[in-house]
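To start, the structure under review is shown below, and the notes come after it.
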Amino acid sequence: MASFPKRTRTCGELRAQDIGTTVTLNGWVDTRRDLGGVIFIDLRDRYGITQIVFNPQRGSDAHAAAKELRSEFVLSVTGTVERRPEGTAHPGLETGEIDVMVSALMILNRAETPPFPMDESAETAEDLRLKYRYLDLRRPSLQRTLMFRHRMYQITHRYFDSRGFIEIETPVLMKSTPEGARDYLVPSRVHRGRFYALPQSPQTYKQILMVSGFDKYVQIVKCFRDEDLRADRQPEFTQIDIEMSFVDEIDIQNLAEGLIATFFKELKGIDIPLPLPRFTYREAMETYGSDKPDTRFGLKFCDITDLVGRSGFKVFADNVQRGGVVAGFVVPGGASLTRNQMDTIVDFTKGLGAGGLVYFKWTEQGLETAVEKFLGKDIVAAIAAHMGAAKGDLILLVSDVWLKAYTILGSLRLEMARRLNLIDETRNDLLWVTEFPMFEYSEEEKRFVAMHHMFTAPHPDDIELLTTDPGKARARAYDIVLNGNEIGGGSIRIHDRELQSKVFGLLGMGPEEAEKKFGFLLGAFRYGAPPHGGIALGFDRIVMLMTGMKSIRDVMAFPKTASAMSLMDEAPSEVEDKQLRELHIRVV
RNA sequence: GGGGCGGUAGCUCAGUUUGGUUAGAGCGCCUGCCUGUCACGCAGGAGGUCGCGAGUUCGACUCUCGUCCGCCCCGCCA
């Protein structure tokens with residue numbers, strides 16, 4: 001039994017066809033315009049805004065009560081829908097043709113003046129928005145984004161359900177695993193000195209579900225990583241986690257790119273041509289200097305190692321002697337950059353760890369470069385020709401070992417594109433990067449670490465390399481990239497105990513340690529593990545990119561700050577001594 | 001862990017370079033007037049530990065040191 005007149009309609013739906021009907025609306029005071037006699041209130045709910053009118057001649061009690069209305073008061077109003085007088089319709093508002101002439105007003109709740117306005121006319125400091133998140137969430141931008149996000153959940157569920165996938169929840173309290181990100185730990189009260197970890201991903205569980213015969217698994221699931229944050233990284237985030245049995249790479253990729261294309265079609269009306277372009281890791285690095293290339297602009301790289309390997313320029317020649325590469329790219333029209341601008345670019349490149357940056361400017365006077373006296377006119381001209389440069393262009397060259405040279409060029413390429421405004425923001429460039437290396441060498445730990453994760457299967461042609469040259473072995477791993485952002489990654493997994501043990505060994509984990517940490521998984525593999533593989537897609541990141549938000553915080557209801565604090569509820573917080581004692585924990 | 005930027009009225013900011021009278025503006029808020037506004041209008045008013053703590057100085061929003069908080073980047077994030 002309601003203690004107030006319940007709404008019969010929402011604030012977003014009344015139109016001219018409703019004129020003459022009596023309605024009750026519930027909502028918040030968005031703005032108030034008190035003209036002394038007549039009072040206009042914009043009443044707001046999540047469906048929209050309807051102007052309600054208090055006229056002393058049409059309801060003097062309601063009008064008197066309306067005098068005290070202020071921003072964000074919660075109201076129930078009853079009145080008749082009327083056409084606005086000639087010339088006073090509001091074309092910018094969907095409900096702009098009508099008013100609700102109020103006969104009865106009930107104030108359901110009063111509100112203090114909010115610390116910032118609900119309209120988004122002025123930028124508001126983010127820490128304030130986070131402290132008063134419940135108010136920020138009333139604002140149009142977050143309302144829109146969270147509704148977009150809701151639709152993406154629904155599309156996801158429908159997409160997978162219609163393809164026979166089973167949604168299964170996996171534990172949030174799980175076993176801490178080595179490698180990868182730092183775990184969030186949860187102390188056990190019952191077992192002194194033992195800890196659960198929050199999942200970095202449900203990786204082991206979904207593989208075990210494959211052993212159990214659930215050959216198509218999906219879950220929209222929270223994951224937790226205790227690492228430092230960025231604009232696109234939060235300590236807890238959501239993934240669309242997928243695993244399938246009896247499949248290879250192409251099956252997973254078709255499924256995942258189909259989902260992304262469905263998002264674009266249904267949420268934005270955009271057709272994404274499928275299948276998506278594929279780049280091997282090597283191609284991506286050697287063309288764009290990134291394992292998540294942004295292909296919305298050119299500035300593709302060109303290898304000139306062979307042209308300069310025996311030149312008189314010792315920086316290049318010595319590097320090539322040591323097995324390094326020399327490569328670079330052409331910036332069309334870049335010759336007009338000033339000396340000052342070039343100095344900034346050189347400094348930027350050095351800041352990335354480069355020894356230096358060699359550049360040629362092709363001006364009216366011809367090819368100009370500070371290193372012409374070392375390379376010689378002919379080689380300079382040959383480089384420009386080989387790279388396809390023209391008059392007015394700038395050529396940028398970096399010389400270093402393969403990975404470092406291309407990584408530096410990749411950052412420089414992005415920087416130049418931003419500086420020169422070359423990025424076409426209207427494009428939606430999706431692609432796959434495949435054939436990642438199995439391992440990368442960790443200088444810190446003096447051993448190989450898994451580039452994707454340690455359950456990733458090696459490329460069938462590279463099994464031998466695991467023994468002879470593990471650093472060269474390719475993995476059956478793949479990432480999906482949108483406009484230079486990694487939005488998902490997966491692999492075909494190892495389903496063979498022997499091979500899995502071998503990979504553990506290469507990662508410096510002996511049989512005993514492997515048994516202790518992953519005995520349950522290896523145990524499952526004894527009882528008939530099917531070939532399987534999967535992928536995880538970054539749900540928040542996809543919402544962020546599709547809604548054009550700059551930060552992942554803008555697509556989450558209750559995000560944390562860059563120092564992982566929640567400003568609204570002030571988590572993390574200190575706890576009672578009693579709680580600590582029960583958990584056998586002392587703070588040092 | 002490192003680098004950069006920021007913290008002044010409820011909000012958005014100016015003032016800090018070169019220390020010096022009473023720290024300003026717009027919006028919001030409060031009061032009054034106003035019967036078709038929609039950025040309503042008009043008149044008046046209130047509102048400040050200049051993030052915090054030391055120091056230098058006759059005097060600190062301003063200079064120095066420390067510290068806290070926010071944002072961005074590097075490291076890190078299989």
Side-chain angles (χ1 to χ4, degrees), chain A residues 30-43 49-58 63 67-68 70-72 82-93 95-96 99 101 112-132 135 177-183 200-201 203 223-235 237 348 351-353 407 411 414-415 436-440 442-445 448-456 475 477 479 486 489-491 503 507 536 538 550-551 553 560-565 567 570:
Chain A
D30 197 61
T31 52
R32 154 183 83 111
R33 292 177 294 279
D34 182 350
L35 273 60
V38 68
I39 298 171
F40 298 97
I41 299 284
D42 286 343
L43 197 66
I49 283 178
T50 295
Q51 176 166 276
I52 61 176
V53 186
F54 297 88
N55 186 309
Q57 271 97 56
R58 305 285 299 279
H63 178 265
K67 278 277 168 194
E68 61 178 301
R70 293 294 182 273
S71 290
E72 303 308 312
E82 299 189 353
R83 181 179 297 281
R84 294 196 187 187
E86 189 69 26
T88 62
H90 192 318
L93 209 58
T95 57
D99 285 330
M101 185 63 66
E112 292 179 22
T113 304
F116 51 81
M118 295 305 104
D119 74 68
E120 289 168 314
S121 50
E123 284 279 305
T124 305
E126 195 168 357
D127 49 349
L128 201 71
R129 291 174 47 204
L130 290 172
K131 181 175 176 187
Y132 298 96
L135 296 179
T177 52
E179 304 258 325
R182 226 171 268 121
D183 283 327
Q200 298 173 30
S201 86
Q203 185 60 38
C223 301
F224 306 85
R225 294 178 189 174
D226 187 4
E227 295 293 345
D228 289 333
L229 308 180
R230 288 288 187 283
D232 62 352
R233 278 176 9 201
Q234 281 274 302
F237 59 99
F348 173 85
L352 299 170
T407 303
S411 301
L414 285 175
E415 176 68 14
F436 279 84
M438 280 288 282
F439 310 106
E440 54 191 341
S442 166
E443 286 299 334
E444 192 185 330
E445 301 190 47
F448 284 116
V449 294
M451 193 151 174
H452 182 56
H453 60 52
M454 55 187 126
F455 312 110
T456 301
D479 280 358
E486 182 195 331
S491 62
V503 170
L507 295 170
K550 292 275 188 301
S551 162
R553 294 183 298 276
K560 291 176 178 61
T561 67
S563 66
M565 294 233 296
L567 296 181
E570 295 185 310

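Letters A, B, ... are given to chains in the order of the sequence lines, protein chains preceding strands, and every chain is numbered from 1.
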I'd like to know if the side chain of [X] and the backbone of [Y] have a donor-acceptor N/O pair within less than 3.5 Å.
| X | Y | answer |
| --- | --- | --- |
| A:T50 | A:L43 | no |
| A:R233 | A:D228 | yes |
| A:H63 | A:G37 | yes |
| A:R225 | A:Q200 | yes |
| A:D99 | A:M101 | no |
| A:Q234 | A:L229 | no |

Base, sugar-phosphate alone, or nothing: which one does [X] contact when heavy atoms must sit under 4.0 Å apart?
| X | answer |
| --- | --- |
| A:P85 | base |
| A:M101 | base |
| A:A536 | nothing |
| A:T124 | sugar-phosphate |
| A:D99 | base |

Carboxylate-amine/guanidinium contact A:R33 A:D42, below 4.0 Å: yes
Minimum-distance pair of heavy atoms, taken over all atoms of A:G96 and A:R84: O-NE, 3.2 Å
Nearest heavy atoms of A:G490 and A:D479, plus distance in Å: N-OD1, 4.4 Å
Tell me the interatomic distance from [X], atom [atom1], to [N], atom [atom2], rounded to whole angstroms.
| X | N | atom1 | atom2 | result |
| --- | --- | --- | --- | --- |
| A:D30 | B:G28 | CG | P | 14 Å |
| A:K560 | B:G70 | NZ | P | 13 Å |
| A:I52 | B:C38 | CD1 | C1' | 13 Å |
| A:D127 | B:U12 | CG | C1' | 13 Å |
| A:E68 | B:U31 | CD | C1' | 16 Å |
| A:R32 | B:G41 | CZ | P | 13 Å |
| A:D34 | B:C33 | CG | P | 10 Å |
| A:K131 | B:G7 | NZ | C1' | 14 Å |

Give me the distances for all protein-to-nucleotides 73-77 of chain B N/O pairs that come in under 3.5 Å?
unit_1: B:C73; atom_1: OP2; unit_2: A:A231; atom_2: N; d: 3.3
unit_1: B:C74; atom_1: OP2; unit_2: A:R230; atom_2: NE; d: 3.0
unit_1: B:G75; atom_1: N7; unit_2: A:R230; atom_2: NH2; d: 2.8
unit_1: B:G75; atom_1: O6; unit_2: A:R230; atom_2: NH1; d: 3.1
unit_1: B:G75; atom_1: O6; unit_2: A:R230; atom_2: NH2; d: 3.3
unit_1: B:G75; atom_1: N1; unit_2: A:D228; atom_2: OD2; d: 2.6
unit_1: B:G75; atom_1: N2; unit_2: A:D228; atom_2: OD2; d: 3.2
unit_1: B:C76; atom_1: O2'; unit_2: A:E227; atom_2: OE1; d: 2.5
unit_1: B:C76; atom_1: O2; unit_2: A:R233; atom_2: NH2; d: 3.1
unit_1: B:C76; atom_1: N3; unit_2: A:R233; atom_2: NH1; d: 3.2
unit_1: B:C76; atom_1: N3; unit_2: A:R233; atom_2: NH2; d: 2.9
unit_1: B:C76; atom_1: N4; unit_2: A:R230; atom_2: NH2; d: 3.4
unit_1: B:C76; atom_1: N4; unit_2: A:R233; atom_2: NH1; d: 3.3
unit_1: B:C77; atom_1: O2; unit_2: A:R233; atom_2: NE; d: 3.3
unit_1: B:C77; atom_1: O2; unit_2: A:R233; atom_2: NH1; d: 2.8
unit_1: B:C77; atom_1: N3; unit_2: A:R233; atom_2: NH1; d: 3.0

Whole-Å [atom1] distance, [N] and [M]:
| N | M | atom1 | value |
| --- | --- | --- | --- |
| B:C34 | B:A39 | P | 23 Å |
| B:A9 | B:A14 | C1' | 13 Å |
| B:C63 | B:C27 | P | 31 Å |
| B:G45 | B:G59 | P | 36 Å |
| B:G51 | B:G10 | P | 13 Å |
| B:C61 | B:C5 | P | 23 Å |
| B:C52 | B:U8 | C1' | 14 Å |
| B:A25 | B:G15 | P | 15 Å |

Could you tell me whether the phosphate oxygens of [N], OP1 or OP2, come under 4.0 Å of any side-chain nitrogen or oxygen in [X]?
| X | N | result |
| --- | --- | --- |
| A:T88 | B:U37 | no |
| A:S563 | B:G70 | yes |
| A:R553 | B:C72 | yes |
| A:R70 | B:C30 | yes |

Paired nucleotide for B:C63 [Watson-Crick or G-U wobble; both distances under 3.5 Å]: B:G55
Mate of B:G70 where both pairing distances stay under 3.5 Å, Watson-Crick or G-U: B:C5
Proximity to the side chain of [X] - top-ranked nucleotide from [options]:
| X | options | result |
| --- | --- | --- |
| A:L128 | B:C11, B:G70, B:U37 | B:C11 |
| A:Q51 | B:U37, B:C71, B:U35 | B:U37 |
| A:R33 | B:G36, B:C40, B:U35 | B:C40 |

Along RNA chain B (nearest heavy atom to each residue), the more 5'-positioned of A:T31 and A:S71: A:S71
First encountered from the 5' end of RNA chain B, between A:L93 and A:P117: A:P117
Where protein sits on nucleotides 44-53 of chain B, one letter per nucleotide: B base, S sugar-phosphate only, - none, heavy atoms under 4.0 Å: ----------
Partner residues of A:L414 under the side chain to side chain contact (heavy atoms under 4.5 Å, CB included) criterion, sequence neighbours left out: A:D294, A:F297, A:R418
Stacking of A:F40 on B:U37 base (centres under 5.5 Å, planes under 30°): yes
Student check: side-chain heavy atoms of A:V53 and A:E82 closer than 4.5 Å: no
Interatomic spacing from CG in A:D34 to CZ in A:R70 - rounded to 0.5 Å: 8.0 Å
Spacing of A:R32 atom CZ and A:F40 atom CZ [to the nearest 0.5 Å]: 14.0 Å
Donor-acceptor pair present, A:N55 side chain and B:G36 base, under 3.5 Å: no
Side-chain donor/acceptor of A:R58 to base of B:U35, under 3.5 Å: no
